[in-house]
Number of protein chains: 2
Amino acid sequence: MAPAFEDETASETNFSDVEQLHKSKVTVVGSGNWGSVAAKLIASNTLKLSSFHDEVRMWVYEEILPSGEKLSEVINQNNENVKYLPGIKLGKNVVADPDLEHAVKDATMLVFVTPHQFMEGICKRLVGKIRGDAEAISLIKGMEVKMEGPCMISTLITDLLGINCCVLMGANIANEIAVEKFSEATVGYRENRDIAERWVRLFSTPYFMVSAVQDVEGVELCGTLKNVVAIAAGFVDGLEMGNNTKAAIMRIGLREMKAFSKLLFSSVRDSTFFESCGIADLITTCLGGRNRKVAEAFARNGGKRSFDELEAEMLQGQKLQGVSTAREVYEVLSHRGWLELFPLFTAVHEISTGRLPPSAIVEYSEHTPRLNVLEGSAQYC
Amino acid sequence: MAPAFEDETASETNFSDVEQLHKSKVTVVGSGNWGSVAAKLIASNTLKLSSFHDEVRMWVYEEILPSGEKLSEVINQNNENVKYLPGIKLGKNVVADPDLEHAVKDATMLVFVTPHQFMEGICKRLVGKIRGDAEAISLIKGMEVKMEGPCMISTLITDLLGINCCVLMGANIANEIAVEKFSEATVGYRENRDIAERWVRLFSTPYFMVSAVQDVEGVELCGTLKNVVAIAAGFVDGLEMGNNTKAAIMRIGLREMKAFSKLLFSSVRDSTFFESCGIADLITTCLGGRNRKVAEAFARNGGKRSFDELEAEMLQGQKLQGVSTAREVYEVLSHRGWLELFPLFTAVHEISTGRLPPSAIVEYSEHTPRLNVLEGSAQYC
């Protein structure tokens with residue numbers, strides 16, 4: 001390609017080159033179920049929108065398939081991730097790339113969508129290997145909540161790579177979006193509205209409606225804390241308490257999610273919890289989802305079979321995030337003297353460790369302090 | 001009873017008389033399923049709390065049972081509403097009274113819980129028959145939304161009877177609360193926090209947690225508008241679109257409930273929609289409930305069988321509020337030029353009248369104006 005700006009009387013071809021230079025190049029870092037769906041969504045838009053390069057590069061953690069073929073090669077031959085999203089065409093402009101450094105080197109927009117435990121390692125490998133003007137977005141749910149505060153994936157990316165990072169969360173069951181069932185998502189951004197709008201354009205389709213809110217922490221915390229509420233909802237299901245009680249528990253859960261997030265980050269906005277990342281993702285997770293399912297089995301067994309045992313039996317090696325997040329949240333609450341302010345979060349942990357019976361999920365004493373004492377009290381943080 | 005204050009050196013008995021005079025006397029106007037459960041909740045508290053008379057009077061619209069006995073007499077003999085809440089003891093201090101005027105004449109706290117279409121007639125009968133210092137609360141969901149604005153039941157009571165009226169709404173399936181499954185409710189009050197707290201004390205039990213918010217209109221509108229969203233959720237179920245889409249539709253529905261209420265009443269608060277009357281009641285109604293159920297059947301039949309026909313077949317004479325509320329809301333939106341701002345409410349009406357196919361419930365154009373243009377725009381009202 002001719003270098004841009006070499007001649008002030010640039011030809012049309014050169015104009016086009018300049019345009020090319022200013023187009024955003026997208027790389028998706030991750031190619032699991034959700035990563036593949038994200039690549040599909042994005043690839044349908046980069047073809048249509050002139051501000052993006054058509055090609056979407058997707059980093060694939062290489063695997064050898066039972067056929068002996070390499071996963072990345074099969075994806076490129078068939079435009080299909082036969083292992084993690086079989087039956088769905090990703091778009092011919094999705095290019096699988098097993099070389100992480102190569103996949104990211106020209107990207108101006110990096111979409112991170114890997115299991116959260118791999119992110120620290122991936123970021124460390126990427127130091128010095130990405131463009132300085134790159135923008136990032138994290139689709140990764142389930143950061144850890146450490147005693148000193150949550151370890152946000154978006155913060156990890158910014159800290160290790162020195163780039164701005166938005167997040168995208170919402171009620172997003174990958175397989176339903178893959179078949180183009182209507183859904184929504186929320187982009188959380190920090191300051192730059194223009195960048196947020198670029199992400200919104202990159203992801204939005206008529207069946208996937210994306211909105212942006214200036215609240216990275218609120219959006220990202222929703223994606224993690226909802227799993228604790230899903231455990232509570234599963235207990236209610238296991239105890240066969242009916243929709244009324246389940247709705248009450250989900251509401252109290254959302255309220256605690258909001259209060260907890262606001263205590264940790266005074267910038268978190270109430271309105272974020274009305275977005276897809278808040279109420280909608282909570283509903284999806286409490287209706288379906290593995291956290292709810294295993295918690296239901298736990299309650300049906302009267303708490304006599306441990307979560308570890310049920311997980312091993314029901315999830316084929318996958319682990320429940322809700323139980324570990326509940327433990328992490330409990331440690332924060334305990335450390336800060338907030339246990340009484342969060343009766344639901346507290347009960348989830350105490351039930352899952354066997355200290356309380358599953359029925360304790362609805363045993364709110366009349367004397368339990370109401371969470372509305374927390375309303376607007378971010379100054380506690 | 002000796003008249004109070006007759007003697008300044010009052011005996012202990014007279015002190016007790018004075019106390020009695022200042023105790024609140026509660027009458028429940030209505031004795032259907034929810035009315036009977038309300039009487040049970042209240043009666044358990046009046047026995048415990050010294051600021052209330054033990055006795056709870058319950059007006060019963062007299063009916064002759066198949067046995068030939070009068071309903072009110074059977075209730076008083078058995079402490080059980082054998083017709084509308086069989087199998088549940090109401091408490092011995094609940095007194096069924098078939099004489100409306102007699103039932104209300106000494107009451108200082110009037111709990112209205114009748115079908116909404118009877119309220120105007122009841123209020124007209126009560127003019128001049130109640131105490132001037134009486135306080136009212138309405139548990140009645142489903143007021144009408146007229147072109148000039150919603151016809152709130154609480155306003156009807158205040159206008160016709162000249163008394164203050166709070167509301168109590170929430171995720172309240174009567175039969176689940178009757179068997180003391182955990183639930184919540186929201187009291188909406190206008191100005192007087194003390195009165196609201198008296199209502200909260202009257203209804204709260206360890207399994208029925210009540211909070212108060214200063215937002216009568218917001219709380220009352222939730223109880224009506226949720227039925228429109230439940231119709232939308234039913235369409236999604238009938239189309240088998242999965243939890244993800246359903247959660248998105250419920251979220252968009254809540255957002256339109258909020259925006260519509262705020263456009264009509266600038267006093268409505270966002271936070272009300274996080275209460276039991278908002279999100280929790282919406283969840284319950286969209287998971288179970290007859291609006292959802294009939295709408296599901298409507299969508300399964302591709303809209304080829306009308307709501308009238310399905311109602312007749314499925315509901316044994318009961319009518320769906322959601323469909324008529326959707327029509328009323330549509331008229332307001334159309335009259336005020338707001339149709340485009342409320343794509344979900346609009347679609348529900350257009351689908352239920354056969355103008356659009358059920359699948360239109362998720363066909364949001366990319367060009368649909370987003371409701372966030374409404375955020376904080378109560379000045380449109």
Looking at Cys286(A), Gly242(A), Gly288(A), which one has more heavy-atom pairs under 4.5 Å with chain B than the rest?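 So the answer, after comparing Cys286(A), Gly242(A), Gly288(A), is Gly242(A).
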
Given heavy-atom pairs under 4.5 angstrom as the criterion, report whether the side chain, backbone, both or neither of Leu287(B) touches chain A.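 Both backbone and side chain of Leu287(B) come within 4.5 Å of chain A.
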
Atom group of Ile279(B) that falls short of 4.5 Å from chain A, counting heavy atoms: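 Side chain only.
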
Phe273(A) portion near chain B, given a 4.5 angstrom heavy-atom threshold: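 Looking at Phe273(A), backbone and side chain both touch chain B.
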
Measure distances from Glu240(A) to the heavy atoms of chain B and classify the residue's part below 4.5 Å as side chain, backbone, both or neither.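 Contact with chain B: backbone only.
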
Classify the ring geometry between Phe260(B) and Phe342(B) as parallel (under 30°), tilted (30 to 60°) or perpendicular (over 60°).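 The rings of Phe260(B) and Phe342(B) stand perpendicular, inter-plane angle above 60°.
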
The test is side-chain hydrogen bond (donor to acceptor under 3.5 Å, both in side chains); show your working for Asn33(A) and Asn175(A) and say whether it passes. CA-CA 8 Å; Asn33(A) 188 227; Asn175(A) 289 328; 3.1 Å; yes

Taking the side chain from Asn243(A) and the backbone from Thr284(B), do they hold a donor-acceptor pair closer than 3.5 Å?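 Side chain of Asn243(A) to backbone of Thr284(B): no pair is present.
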
Measure the shortest side-chain to side-chain distance between Lys246(A) and Met241(A) over non-hydrogen atoms and say whether it is less than 4.5 angstrom.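 No, their side chains stay 4.5 Å or more apart.
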
Tell me if the centroids of the rings in Phe274(B) and Phe274(A) come within less than 6.0 Å of each other.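 Yes, the ring centres sit under 6.0 Å apart.
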
